[in-house]
Amino acid sequence: MDPLLLGHVIIFALSAIACVATIPQARKIQHPETREGLIVFLGSVALWSGGYIGYLLAPTRAGKLAFYIFGFTFAFVAVGAWLYFCAAYTGRPPRHAPFRNLILGTFLFFTALKVTNPLHNLYFTTEWVTEPFPHLVIHHELLYWIVLGLSYAAIAVGFFVLMERFHHTGSDSRPLVVLVGLSGLPAVATIIGGQVDWLLLLMYEPPGVALFAVGTLFFYRQRFEAIRLTGESDKPAIFLDQETRIQDYNQAARKLFPALEDSFGEPLEAVNTALAEHLTKQDILAITQDGDTRYYDVSSTPFLAGEVTTGQLVTVTDVTERESYRQRLEEKTEQLEALNRVVRHDIRNDMTVILGWAEILKDHIDEDGEDALDRVLQKSQHVIQFTEVAREFVESLSEEGTAELEEIHLQPLLDAELAAVRDSFPNAQFHVSGELCDVSVQANEMLSSVFRNILENAVRHNDKETPEITVSCEENSETVRYRIADNGPGIPDQQKEQIFGKGEKGLDSPGSGIGLYLVHLLTDQFGGDVWVEDNDPTGSVFVVELPIHKPSNKTS
């Protein structure tokens, strides 16, 4: 075989082999459309090169012509695959591209012209020659050069959108520029092919495109993949290698961390110690610039080659608003807990003093004052007890834990609360319809506040001269439901949810008072619910539903 012919065959064969050998690596790309574009790109370049090998080695004129048209057609496919890859890589969904039907139609039209060239010779003509070795010479016509110009324009569009993405992310584009330069060298051979004895009148682009395709895949697995991810948002992002050395960063990261400028290859710890430490921490990174402190969440996405980590993408998310709210909430919680401790301490001390003096008065009052003194003693004991229960309730709302629940018998609890409100509101009438349900629930001592607040609310917001409140209950196998009905003015439908402060507004809900808000919180904490219905003929019915506690029948 002629050495020059052998050299041409080897060049195109190596191009095809390189593309085919890298397709398995391209299949590992996670982004679906980018993966599809690059696989078709590699495959079409391989077939393009293979067509040229067949053209050079086929023994007959017809065979050479068929192989040349075959490779020539896949050269056009490679251009389309390249644009598909660039669009997908830069976040432009190829399947939803504008005028895609027109583009596809144009592609099919020119492909048909290529395949039918022997009929019209608009693309090229052929001539059999013997120098520098016997082969079929291809003479390209005007349509060929027009389509070639359009193809290069399309390829340039792909390079442009890639460079745009690199610029947007502030990434180092030198590897891409080097790849473009190397892939463009064979184009020189195409241009001067008819003027140099050892070059044929061929398109020598396949070796250059193969080099670019393989190089793109190599860089894609690290730098290109990082740039694609960082380009999807404006968040600061830094690309590190497996030794946490800086390989790339976007403009947002450079603005947030000025020390990143010209830091390629340096360890992240040497550039920004705080950021390096937060790669393994779960807390928030605080950064102060120009006297303004902002807070950031630092996350890391690893790049894997099989099971080996080859690098990581560090993304920095601004969470200043969320962190500021958390800090304000934490500060208010601390203030509330401090106020709660002070109030409980002062109230408890004062009520203990009142209780002590009231006990002394027992021996110094007549029979007419005994009843009043008993009520003072009873209420004093209740207030002291309530301050302790309030402490437990506040702790149950804190982050340290949840309220401890125990078995509570409802009948004696309701009897005690009814007796208390009868003493507090002698002008009101409290009735029990039927008998109170003799069941137990899982709750704590704060359960009494649920019924006390509803009973007192039924009197305080009653517009009748004699408020009438009726308590009834019903039970089934799973729950017990207490109904507390009044003869007051009733509650409009649009306020039935709001009075409990349910939903996001809480105590800010219109018509919500601390008492009913506490009722909602406690019933929810006990696994139950509370709501209000209309009474007949007038008034409201507050319904408290709680799950019945069923002790286990375990035997030792």
Side-chain angles (χ1 to χ4, degrees), residues 29-31 34 86 88-92 159-178 219-305 309-331:
I29 293 174
Q30 297 298 315
H31 189 244
T34 305
C86 293
Y89 179 82
T90 55
R92 299 171 173 88
F159 282 126
F160 173 77
V161 296
L162 282 183
M163 295 300 294
E164 182 186 39
R165 172 52 57 88
F166 274 62
H167 174 74
H168 174 71
T169 60
S171 301
D172 181 16
S173 59
R174 287 174 294 185
L176 181 61
V177 173
V178 171
F219 281 103
Y220 184 93
R221 295 304 302 277
Q222 292 192 359
R223 186 182 302 276
F224 271 45
E225 175 70 359
I227 293 169
R228 185 186 68 80
L229 292 173
T230 58
E232 291 178 351
S233 71
D234 294 328
K235 295 178 182 178
I238 304 171
F239 177 43
L240 307 176
D241 65 11
Q242 58 185 350
E243 303 296 333
T244 67
R245 291 188 296 262
I246 297 171
Q247 297 298 303
D248 218 334
Y249 51 82
N250 61 10
Q251 293 179 1
R254 182 170 53 194
K255 182 178 180 181
L256 184 61
F257 305 104
L260 285 174
E261 187 74 33
D262 298 326
S263 63
F264 295 104
E266 296 183 19
L268 179 62
E269 184 176 2
V271 176
N272 192 298
T273 304
L275 179 60
E277 291 177 350
H278 277 75
L279 289 180
T280 56
K281 289 184 178 180
Q282 298 297 320
D283 55 343
I284 301 300
L285 173 64
I287 299 177
T288 302
Q289 290 181 336
D290 301 326
D292 179 34
T293 300
R294 302 194 68 81
Y295 300 91
Y296 298 88
D297 180 55
V298 181
S299 61
S300 175
T301 303
F303 291 102
L304 301 175
T309 301
T310 59
Q312 58 182 313
L313 179 68
V314 179
T315 305
V316 184
T317 305
D318 191 329
V319 293
T320 301
E321 184 175 349
R322 186 189 74 189
E323 179 64 15
S324 298
Y325 176 77
R326 188 196 64 80
Q327 291 181 359
R328 291 195 303 271
L329 186 62
E330 188 177 78
E331 182 180 357

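Nothing fancy with the numbering, it's 1 onward along the sequence. All values derive from a computational prediction rather than experimental measurement.
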Original post:
Does a side-chain heavy-atom distance below 4.5 Å link Lys235 with Val316?
Top reply: no
Subject >> Pairing residues for Glu269 by the side-chain hydrogen bond (donor to acceptor under 3.5 Å, both in side chains) criterion, not counting sequence neighbours >> reply: none
Subject >> Residue Glu321 excluded, over 12 heavy atoms near CD under 6.0 Å >> reply: no
Minimum-distance pair of heavy atoms, taken over all atoms of [X] and [Y]:
X: Tyr295; Y: Asp318; value: O-OD1, 3.4 Å
X: Ile284; Y: Arg322; value: CD1-NH2, 3.8 Å
X: Ala237; Y: Ala253; value: O-CB, 3.5 Å
X: Val314; Y: Leu240; value: CG2-CD1, 3.7 Å

Original post:
Does one side chain, of Glu323 or Gln327, offer a donor that lies under 3.5 Å from an acceptor on the other?
Top reply: yes
Point-to-point distance, once rounded to the nearest 0.5 Å, from [atom1] of [X] to [atom2] of [Y]:
X: Cys86; Y: Phe160; atom1: SG; atom2: CZ; result: 12.0 Å
X: Arg254; Y: Ser263; atom1: CZ; atom2: OG; result: 10.0 Å
X: Asp283; Y: Glu277; atom1: CG; atom2: CD; result: 9.5 Å
X: Tyr296; Y: Leu256; atom1: OH; atom2: CG; result: 4.5 Å
X: Leu275; Y: Ile238; atom1: CG; atom2: CD1; result: 5.0 Å

**OP:** Can you sort out the partners of Asp297 under salt bridge (charged side-chain N to carboxylate O under 4.0 Å, His left out), two or more places apart, ordered by chain and number?
**Re:** none
